[in-house]
Number of protein chains: 2
Amino acid sequence: MRRTSEETKSIILAAARERFAADGYERATIRSIAADAKIDPAMVMRYFGSKEKLFAAAAEFDLRFDALAEVPRERLGAEFVRHFLRQWEAGESLQVLLRTGITNDGAAERMREIFAGQLAPKIAQLTGDPASAPVRAAMVSAQMLGIGLARYILEFPPVVAMSEDDLVTWLGPTIQRYLTAD
Amino acid sequence: MRRTSEETKSIILAAARERFAADGYERATIRSIAADAKIDPAMVMRYFGSKEKLFAAAAEFDLRFDALAEVPRERLGAEFVRHFLRQWEAGESLQVLLRTGITNDGAAERMREIFAGQLAPKIAQLTGDPASAPVRAAMVSAQMLGIGLARYILEFPPVVAMSEDDLVTWLGPTIQRYLTAD
DNA sequence: ACTGTAGGCCAACACTTGTTGACAATCAAC
DNA sequence: GTTGATTGTCAACAAGTGTTGGCCTACAGT
């Protein structure tokens, strides 16, 4: 027994996240994940049961809006943009979701849950308007996912070249309007 | 000789576009495409050489900006939004690109070509500012791809529920700013 | 020292994938 | 009617997939 089972489990999870983020669901094979983790493919099955379940474990995600507390109304847009950009950079989780959500129905469902279940309530709270929150959340999601797509997946050169401040300048007013326009 | 080769070729192409749009590159198998077209898989190979080449043929795309001619400057945003939405609805081509561009490098490259090669020049022409056109094109692309993603791929309920007019109301000012802000 | 248990590896399975070659069917030209 | 080319079919291939079971190997408790 070299390691405890929890240790190897998290090693596998880390490798899985990287592969799913880089290759998408189908091209991220259990064998390649196991190779990255320097572990036998059979161990992946033992600990996670199936590829589908491994993916489910790797795609756990929290937008962490708790970190976004007190913001004056007129700076909401800029702060949201900055928060999302940090989320994109922080870990592979959002990239996992975007890469896989497009071919894997489970991931798409997860995505809907996250943006409807985490973003919409936060917007409702910040704006004090629960009725319009789902629509606003959807618009914000569309814009921020579009930027993530262009910057991290498709790698459009102009978007890749922008600094965080550039992006805030471009996107801030857009998000501000989606959040607060009547 | 039941059909001419050009006929079967276009039957295969149509089936391929549908499958690629619905399933993405990896899950759209040659066998499933052939089955849809009611044709032997070997014919697909004979006419297109390989799956990669079949995909290249299926992913030909033209944003058709020729249809967008004379627009007063202040209505540019709304007209662009409408044009893009029509492109999304018209055929599967944009959905093919988005579904596949995320796992297939060739498709991602194609996507960059299209938006840098077709959208940016049109913007340069309409705004008379070639220097900033690539950045504006990238921002417009990000927003419109994000909406396509949310509406047609991930199917966020609020975005699916919106009418074309609703979308123009939300997106028009955004695109207008990306096109004309200094 | 012996045993039970839990981590790890190997080999194989059943299946699907893209791709290929040989063979049959159909039509046009002479 | 025979030839030649073009369209279609069939079976098989080599490689790669998720998944399974059996067999080692190392430790903990007695």
Side-chain angles (χ1 to χ4, degrees), chain A residues 1-59 96 99-107 110, chain B residues 1-59 96 99-107 110:
Chain A
M1 300 178 187
R2 276 286 164 60
R3 287 170 295 221
T4 160
S5 74
E6 290 301 322
E7 279 173 337
T8 47
K9 235 177 136 172
S10 76
I11 293 179
I12 295 173
L13 255 186
R17 265 191 266 264
E18 260 184 68
R19 278 282 168 186
F20 280 130
D23 296 343
Y25 186 80
E26 354 277 338
R27 286 186 26 197
T29 69
I30 289 205
R31 280 174 166 85
S32 70
I33 292 170
D36 286 0
K38 297 193 177 68
I39 279 181
D40 194 275
M43 302 262 51
V44 179
M45 301 303 296
R46 198 208 284 281
Y47 287 133
F48 292 93
S50 71
K51 184 182 181 179
E52 195 65 39
K53 287 183 191 157
L54 168 63
F55 170 74
V96 171
R99 269 246 163 71
T100 56
I102 272 147
T103 47
N104 185 281
D105 286 346
R110 179 74 55 99
Chain B
M1 297 180 188
R2 276 286 165 60
R3 286 170 296 221
T4 160
S5 73
E6 289 302 322
E7 279 174 338
T8 46
K9 235 176 135 172
S10 76
I11 293 179
I12 295 173
L13 256 187
R17 265 192 265 265
E18 260 184 69
R19 277 283 168 184
F20 280 130
D23 296 342
Y25 186 81
E26 354 277 339
R27 287 185 26 196
T29 68
I30 288 205
R31 280 174 165 86
S32 69
I33 292 170
D36 286 359
K38 297 195 177 69
I39 279 180
D40 194 276
M43 302 261 59
V44 180
M45 300 304 295
R46 197 207 286 279
Y47 287 133
F48 292 93
S50 71
K51 184 183 181 180
E52 194 65 39
K53 287 183 191 159
L54 169 64
F55 169 74
V96 171
R99 268 246 163 70
T100 55
I102 271 144
T103 48
N104 184 280
D105 286 345
R110 178 74 54 101

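Lettering follows sequence order; numbering is per chain, from 1.
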Q: In terms of side-chain heavy atoms of A:I30, which of C:dG18, D:dG18, D:dG8 is nearest?
A: D:dG18

Q: Give the rounded distance in Å between these two atoms: CZ of A:R3 and C1' of D:dC27.
A: 15 Å

Q: Sequence neighbours left out, what passes side chain to side chain donor-acceptor pair (under 3.5 Å) with B:T103? Give chain and number order.
A: B:E26

Q: Sort and list the pairs that fulfil side-chain hydrogen bond (donor to acceptor under 3.5 Å, both in side chains) and have at least one residue in residues 41-53 of chain B, not counting sequence neighbours.
A: B:Y25-B:E52

Q: Counting any heavy atom closer than 4.0 Å, what does A:Y47 reach on the DNA or RNA strands: base, sugar-phosphate only, or nothing?
A: sugar-phosphate

Q: What is the distance, to the nearest angstrom, from the CG atom on A:L54 to the C1' atom on D:dT17?
A: 15 Å

Q: Return the minimal non-hydrogen interatomic distance between B:R99 and A:I102, and the atom names on each side.
A: NE-O, 2.8 Å

Q: To check you understand the geometry: which heavy-atom pair defines the closest contact between B:I33 and B:A15, and what is its length?
A: O-CB, 3.8 Å

Q: OG1 of B:T100 to CG of B:D23: how many Å apart, nearest 0.5 Å?
A: 11.5 Å

Q: Kindly indicate, with the supporting measurements, whether the criterion side chain to side chain contact (heavy atoms under 4.5 Å, CB included) is fulfilled by A:R17 and A:L13.
A: CA-CA 6 Å; A:R17 265 191 266 264; A:L13 255 186; 4.1 Å; yes

Q: Could you state the CE-P distance from A:M43 to C:dA6, rounded to the nearest angstrom?
A: 13 Å

Q: For the helix from C:dG8-D:dC23 to C:dC30-D:dG1, measure the angle between the helix axis at one end and the axis at the other, each built from five pairs, rounding to 10°.
A: 10°

Q: Across nucleotides 10-15 of chain C, 5' to 3', mark each nucleotide with B, S or - according to how protein heavy atoms within less than 4.0 Å reach it.
A: B-B---

Q: Using atom CD1 of A:I39 as one end and atom P of C:dG8 as the other, report the distance to the nearest whole Å.
A: 6 Å

Q: Applying side chain to side chain contact (heavy atoms under 4.5 Å, CB included), run through B:V96 and B:R110 and close with a yes or a no.
A: CA-CA 11 Å; B:V96 171; B:R110 178 74 54 101; over 6 Å; no

Q: If you compare all heavy atoms of B:S32 against all heavy atoms of B:R19, which two are closest, and at what distance to 0.1 Å?
A: OG-CD, 3.6 Å

Q: Verify side chain to side chain contact (heavy atoms under 4.5 Å, CB included) between A:M43 and A:I11, making sure each step is shown before the conclusion.
A: CA-CA 11 Å; A:M43 302 262 51; A:I11 293 179; over 6 Å; no

Q: Can you find an N or O donor on one side and an acceptor on the other, under 3.5 Å apart, linking the side chain of A:R46 with the base of C:dG8?
A: yes

Q: Which pair of non-hydrogen atoms, one from A:P41 and one from A:I30, has the smallest distance, and what is that distance?
A: O-CG2, 4.1 Å

Q: CZ of B:F48 versus C1' of C:dG18: gap in Å, rounded?
A: 16 Å

Q: What residues, two or more places apart in sequence or in another chain, satisfy salt bridge (Lys or Arg N to Asp or Glu O under 4.0 Å) together with B:D40?
A: none

Q: Is there a residue in residues 4-28 of chain B whose heavy atoms reach under 4.0 Å of DNA chain D, and which residues are they?
A: B:S5, B:T8

